[in-house]
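Structure first, then comments.
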Amino acid sequence: MFGVHISITSIAILAVVLILSLVGLLIYLHPGSKRATSVPGPSVIDQENGNTNDIEIAGSLQQYLFQTHDKFGSLISFWFGKTLVISTSDATHFAPRSQVLEIPEFIFENWKSCIGRESFIFSRGTDIFQRRNNLEFEISAKLKEKYAHIFKKMTAELVKKWSNQPEGDHIPLTRHMQTLSTKAISKVIFGDYFDNPAHVLKLHKSWEKCWNVVVSKGKNEPTKPDKEIANDSNSLREVIEEAIEYRWNDKKDKLPVLIDGLLRASNKNLSHQQLISDVITIFTVGVQSTVAVLTWVMFFLVRNEKVQERLRKKLREPHSLDIMPESLVDHKYLSAIMKESVRCGNIFPWVAKQQDLDVMFDKKHLVHKQTPIIEAISVAMNDPTKWTNPTQFNPDRFMNDDDDVTMNPLQFTPFAFAASRHAPQDSLIYLLTAISVGTLIRQFHIKSPSACDDNVNCDNFTSMPSNEEIWITATEQS
């Protein structure tokens with residue numbers, strides 16, 4: 001039998017190794033170390049700011065997600081200040097669009113001066129279900145048809161404006177799309193009150209002052225004094241209250257609008273301040289989303305003349321039907337262009353949620369409840385393993401249901417604006433876009449007088465093709 005001799009020195013070395021291993025594990029997993037998760041991600045030097053400086057250097061959260069997912073894979077972690085955030089670009093991890101979940105407050109912190117702290121965005125617990133239900137907008141075929149006629153009338157006004165301009169004059173595309181979006185969204189949310197152009201202008205000016213503060217905060221730029229910000233907010237709320245009062249007192253047979261659900265709730269469990277904040281929130285979401293979709297679609301058509309010409313030919317075919325809700329299914333190429341524009345433009349780059357249960361990712365990464373989780377939509381929409389040549393604008397990828405299509409980009413409409421959350425792809429945003437773009441391209445050949453390069457603006461929660469105005473010329477076609 002052999003004896004085992006262990007020296008005191010060996011025992012001491014073993015003890016030191018064990019202690020160091022335990023300390024290392026604690027440092028890795030302790031929140032103060034910024035490694036409170038097994039999900040891979042960038043290291044952190046500044047314990048107070050986390051990775052926020054890296055986000056600023058990247059230019060925006062959207063650009064940071066692209067860079068970080070490219071480096072670490074489809075599941076990443078990073079720190080927004082002292083808050084651990086998980087981001088996934090794997091669409092199988094995305095929650096169903098119909099699901100209602102809490103939204104991490106820090107994501108929309110800068111919005112508070114514009115929309116108010118009482119917005120449904122900041123609701124918690126069971127309250128969030130009722131608040132989101134107030135925004136449900138069931139769209140029947142009959143209602144779609146009525147709104148289609150309204151959108152056609154608005155588009156006809158823009159056609160007339162472009163037709164009356166001297167040939168070769170430069171047209172500010174972004175500004176015109178913003179005007180059209182504001183008029184349409186004001187009508188969808190409030191109804192007849194904003195048939196008056198003066199009311200639309202007053203609303204837009206009041207809202208723009210408040211929104212500019214949000215954008216400045218997002219860029220860490222200086223803002224106006226707090227007193228001036230508060231005065232602008234009060235002015236916006238006064239405009240909203242006037243529109244709401246008009247809707248309340250309008251007794252004639254009315255076209256259903258988005259605030260009707262909120263007005264019904266205000267008789268039950270919605271306070272006045274919550275009502276005003278929710279209305280400002282949906283107006284903000286609606287305008288930002290609509291102007292982004294319209295501008296990106298037109299931008300891609302300017303930059304891809306062959307696509308524009310092919311669309312015009314299809315729209316001018318003898319059997320081509322007028323663009324109405326019931327005929328949209330026949331306008332497959334127009335629909336494909338809209339989908340590809342939303343995908344390729346990364347218009348809706350991400351959504352964020354907090355779940356009340358622990359979540360296991362990839363059978364090995366435990367994410368605790370109430371941890372903010374970002375669904376990196378734009379990263380998923382540019383995944384080369386899912387999309388062929390993802391950076392190329394190619395509407396044909398949506399012409400066949402089984403060809404190169406993993407998801408419908410239109411389903412990511414923020415908060416299912418102007419639709420039911422069970423069918424966000426049916427949002428009135430896309431009906432307006434189809435009618436407006438189809439009408440304008442059928443009648444005009446549009447092009448840019450100079451090089452039309454992208455200088456993508458990611459300052460908002462949607463993206464825009466450029467930080468600058470996009471100038472075009474429109475030549476009427478015989």
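Quick note: residue numbers are just sequence positions, from 1.
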On a heavy-atom basis, which atom in [X] and which in [Y] lie closest, and how many Å separate them?
X	Y	result
Ala292	Met464	CA-SD, 3.6 Å
Glu102	Ser123	CG-O, 4.4 Å
Ser89	Ala380	O-CB, 3.3 Å
Pro325	Leu431	CG-CD1, 4.0 Å
Ser87	Leu65	OG-CD2, 3.6 Å
Gln99	Ala95	OE1-CB, 3.5 Å

Under the side-chain contact (heavy atoms from CB on, under 4.5 Å) criterion, do Glu105 and Gln354 qualify, and how do the steps go? CA-CA 10 Å; Glu105 189 165 333; Gln354 287 179 173; over 6 Å; no

Could you walk me through whether Phe190 and Ile240 pass the side-chain contact (heavy atoms from CB on, under 4.5 Å) test, one step at a time? CA-CA 9 Å; Phe190 300 99; Ile240 296 296; 3.7 Å; yes

Backbone N/O of [Y] and side chain of [X]: donor-acceptor pair under 3.5 Å:
X	Y	result
Asp70	Phe66	no
Arg397	Glu340	no
Ser216	Thr223	no
Arg131	Arg124	no
Trp296	Ser463	yes
Gln308	Ile446	yes
Asn304	Lys306	no
Asp90	Thr92	yes
Asp358	Lys369	yes
Asn51	Trp79	yes

Taking 4.0 angstrom as the limit, do Asp260 and Lys254 come out as a salt bridge?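 The answer is no: the pair does not qualify as a salt bridge.
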
Between Glu309 and Arg312, does any NZ, NE, NH1 or NH2 come within less than 4.0 Å of an OD or OE carboxylate oxygen?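 A salt bridge links Arg312 with Glu309.
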
Within the 3.5 Å criterion, strictly below it, is a donor on [X] or [Y] matched to an acceptor on the partner's side chain?
X	Y	result
Asn133	Arg421	yes
Ser38	His365	yes
Gln130	Asn134	yes

Does His93 have any ring-ring contact (aromatic ring centres under 6.0 Å, His included) partners at least two apart in sequence or in another chain, and if so, which?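 Phe361.
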
Partners meeting ring-ring contact (aromatic ring centres under 6.0 Å, His included) with Tyr64 (sequence neighbours left out):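 Tyr64: ring-ring contact (aromatic ring centres under 6.0 Å, His included) contacts with Phe78.
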
Aromatic Tyr333 / basic Arg310 pairing, under 6.0 angstrom, 45° off normal: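 Cation-pi check for Arg310 and Tyr333: passes.
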
Can you pull out every side chain to side chain donor-acceptor pair (under 3.5 Å) where at least one residue sits in residues 135-145? Sequence neighbours excluded, please.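 Every side chain to side chain donor-acceptor pair (under 3.5 Å) pair that includes a residue of residues 135-145, provided the two are not neighbours, is Glu136-Ser420.
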
Sequence neighbours excluded - side chain to side chain donor-acceptor pair (under 3.5 Å) pairs with any residue from residues 423-433: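 Sorted pair list: Thr413-Tyr430.
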
How about [atom1] on [X], more than 12 heavy atoms from neighbouring residues, nucleotides or ligands closer than 6.0 Å, or not?
X	atom1	answer
Lys209	NZ	no
Lys353	NZ	yes
Glu167	CD	no
Glu317	CD	yes
Lys112	NZ	yes

For side-chain contact (heavy atoms from CB on, under 4.5 Å), just list the numbers for Phe300 and Ile337, CA-CA rounded to whole Å, side-chain angles, deciding distance to a tenth of an Å, and then say yes or no. CA-CA 9 Å; Phe300 279 124; Ile337 288 170; over 6 Å; no

Would you call the rings of Phe108 and Phe415 parallel, tilted or perpendicular, taking 30° and 60° as the class edges?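 Rings of Phe108 and Phe415: tilted, as their planes differ by 30° to 60°.
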
Below 30° counts as parallel, above 60° as perpendicular, anything between as tilted: where do the rings of Trp387 and Phe398 land?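 Answer is tilted, since the angle falls between 30° and 60°.
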
Spacing of [atom1] belonging to [X] relative to [atom2] belonging to [Y], to within rounding of 0.5 Å:
X	Y	atom1	atom2	result
Phe299	Leu294	CZ	CG	15.0 Å
Leu334	Ile441	CG	CD1	9.5 Å
Thr88	Ile377	OG1	CD1	11.5 Å
Asp322	Ile435	CG	CD1	8.0 Å
Leu432	Ser181	CG	OG	6.5 Å

Begin from the C-alpha positions of Phe412 and Met381 and carry the test side-chain contact (heavy atoms from CB on, under 4.5 Å) through to its verdict. CA-CA 11 Å; Phe412 298 105; Met381 291 288 182; 3.3 Å; yes

Carefully, step by step, assess Ser77 and Thr37 under the rule side-chain hydrogen bond (donor to acceptor under 3.5 Å, both in side chains). CA-CA 8 Å; Ser77 65; Thr37 176; 5.3 Å; no

Residues Ser436, Thr155; criterion side-chain hydrogen bond (donor to acceptor under 3.5 Å, both in side chains); working and verdict: CA-CA 6 Å; Ser436 301; Thr155 304; 3.1 Å; yes

For residues 325-334, which residue pairs pass the salt bridge (Lys or Arg N to Asp or Glu O under 4.0 Å) check, not counting sequence neighbours?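 Matches after skipping sequence neighbours: none remain.
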
Got a list of side-chain donor-acceptor pairs under 3.5 Å for residues 171-180, not counting sequence neighbours?
residue: Thr174; atom: OG1; partner: Glu469; partner atom: OE2; Å: 3.2
residue: His176; atom: ND1; partner: Trp162; partner atom: NE1; Å: 2.9
residue: Thr179; atom: OG1; partner: Arg175; partner atom: O; Å: 3.0

